[in-house]
Amino acid sequence: MCTKMSLTTNIPPSLTTKLTIISILVFLSSSFTSSSQTCKSTCGPIPVKYPFGTGSGCGDPRFQTRVTCTNQHLTFITHTGCYPITDIDYSNQIIYITDPSMSTCACTQPSKGFSLDWDAPFSFHDNTVFALLNCDVSSSPIFKSDRINNSVSPVCDTGSGSRVCEHLNSCQAVSRLGVPVSTCCVYTPVDLGPSFEMDLQKLNCGSYSGLYGFDEHPDDPEGWKYGVAIKYKFNFNNEYPPMCDDCEKSNGVCGYGGPYNAFVCNCRSGINTTRDCSFEATWNGSSRFLPISDVGLWMYALAAWLVTWMMA
């Protein structure tokens with residue numbers, strides 16, 4: 001007697017099929033929850049906090065092309081050049097930069113000037129002053145002729161500014177130029193106009209000095225702080241994002257991602273979350289679990305289904 005074989009026998013999934021599905025789930029989880037770019041909290045010796053970042057996807061996207069970190073050097077970028085950042089005062093929202101072509105009490109050299117991009121969220125700090133050096137009094141637009149008294153007077157700060165010019169002219173490097181102190185003109189940021197443009201070629205001046213601190217040594221130009229102090233704003237209302245504050249308090253770094261540059265918190269593990277990195281405090285060196293977020297819940301559900309399916 002022959003036994004008829006059933007054609008409806010259930011064939012359990014092969015090991016290869018299970019491994020393939022597991023690989024797909026692992027790939028999806030890594031794609032949705034982690035980033036290949038891990039944001040850093042420092043660039044060289046300088047701390048980097050919101051709104052600045054150390055790479056793509058870090059900080060605020062509006063500042064991405066303005067402040068960059070390359071080879072552990074933090075740099076401020078405008079249409080006039082790239083300038084090393086020496087310090088950032090996050091409490092008062094001030095960036096301090098230096099211009100390698102700037103003249104100081106120790107060295108004078110020709111320069112094209114310094115300007116801010118008109119569409120960037122920056123402005124000069126009130127303490128910043130610019131001393132324009134070796135200007136042509138006969139052709140520079142910052143000097144005006146007084147035909148009655150047959151004299152030329154600069155459209156500059158004639159108060160404390162004139163003292164700045166006198167002290168700079170006493171520096172050995174500046175005095176070597178052999179030009180009178182009258183060819184020096186002190187500009188304050190408000191004099192630069194709405195576009196914050198200081199084009200020395202148009203102003204017919206040879207070089208400039210940027211100063212943001214000389215109160216401690218008002219009569220000693222060797223002790224002045226040479227550079228440019230720049231203010232920045234977080235947004236129109238200059239409000240610090242609360243989500244970013246929570247992210248940084250949990251040792252995360254604020255960033256952005258997705259097609260709409262939505263906020264993300266980049267954690268030390270490289271995982272991006274939409275909230276903060278507080279989940280990392282419970283890891284203790286054990287197996288790492290995804291943060292409880294929308295993506296995390298979906299992945300946990302998939303993992304639970306996979307375990308049940310494999311045990312069937």
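- The backbone N or O of E239 sits nowhere less than 3.5 Å from a side-chain atom of N237 that would complete a donor-acceptor pair.
- For CG of N71, the number of neighbouring non-hydrogen atoms (other residues, nucleotides, ligands) closer than 6.0 Å is 12 at most.
- The closest side-chain heavy-atom distance from L168 to L133 is below 4.5 Å.
- A distance-only check finds no donor-acceptor pair linking the side chain of D136 to the backbone of S140 [under 3.5 Å].
- Open room surrounds CD on E222; 12 or fewer heavy atoms of other groups in view lie less than 6.0 Å from it.
- Looking at heavy atoms from C-beta onward, N251 lies out of side-chain contact with C277 at the 4.5 angstrom threshold.
- Counting only N and O atoms by type, the side chains of Q93 and Y240 include no donor and acceptor under 3.5 Å apart.
- Checked against a 6.0 Å centroid threshold, the rings of F114 and Y208 do not count as neighbours.
- Counting only distance, with no hydrogens or angles, the side chain of D276 and the backbone of S278 share a donor-acceptor pair below 3.5 Å.
- Under the 3.5 Å distance criterion, with hydrogens and angles disregarded, no donor-acceptor pair is assigned to the side chains of T108 and S103.
- One N or O on the side chain of S175 and one on the backbone of C171 form a donor-acceptor pair closer than 3.5 Å.
- A donor-acceptor contact shorter than 3.5 Å links the side chain of N204 to the backbone of S139.
- Less than 6.0 angstrom separates the ring centroid of F63 from the ring centroid of F52.
- Below 30°, between 30° and 60°, or above 60°: for W224 and Y226 the angle between ring planes is between 30° and 60°, a tilted geometry.
- Looking only at side-chain heavy atoms (C-beta outward), I230 and F76 come within less than 4.5 Å of each other.
- With rounding to the nearest 0.5 Å, the separation of CG in N266 from OG1 in T54 is 8.5 Å.
- Of all heavy-atom pairs between A173 and C107, the closest is CB-N, 3.7 Å.
- In terms of modelled atom types and a separation under 3.5 Å, the side chain of N238 and the main chain of F234 share a donor-acceptor contact.
- When only modelled atom types and interatomic distance are considered, N134 and T183 share no side-chain donor-acceptor pair under 3.5 Å.
- Y90 places a side-chain N or O within 3.5 Å of a backbone atom of K49 that can act as its donor or acceptor partner.
- By the 4.5 Å heavy-atom criterion applied to side chains, F124 and V228 are counted as neighbours.
- Using a cutoff of 4.0 Å between basic side-chain nitrogens and carboxylate oxygens, R66 and D117 are scored as salt-bridged.
- For K231, the NZ atom is densely surrounded, since the number of other residues' heavy atoms within 6.0 Å is greater than 12.
- The backbone N or O of G57 lies less than 3.5 Å from a partner atom in the side chain of Y256, making a donor-acceptor pair.
- Between the S115 side chain and the M198 main chain, a donor and an acceptor come within less than 3.5 Å of each other.
- Taken as a pair, C247 and C254 fail the criterion of an SG-SG distance shorter than 2.5 angstrom.
- Between the side chains of D245 and Y50, no donor-acceptor pair is found at a separation under 3.5 Å.
- Hydrophobic clustering (ILVMFWY, side-chain heavy atoms < 4.5 Å, transitive): M102 and Y212 are in distinct clusters.
- M243 shares a hydrophobic cluster with F263; the chain of contacts runs through ILVMFWY side chains whose heavy atoms sit under 4.5 Å apart.
- Side-chain contacts under 4.5 Å among hydrophobic residues (ILVMFWY), followed directly or transitively, place Y260 with no other residue at all.
- A donor-acceptor pair under 3.5 Å links the side-chain atoms of D60 to the main chain of R62, judged by distance alone.
- Within 6.0 Å of NZ on K233 lie more than 12 heavy atoms contributed by other residues, nucleotides or ligands.
- Looking at heavy atoms from C-beta onward, I95 lies in side-chain contact with I85 at the 4.5 angstrom threshold.
- Put simply, OG on S170 and CG on D220 are 8.5 Å apart, with the number rounded to the nearest 0.5 Å.
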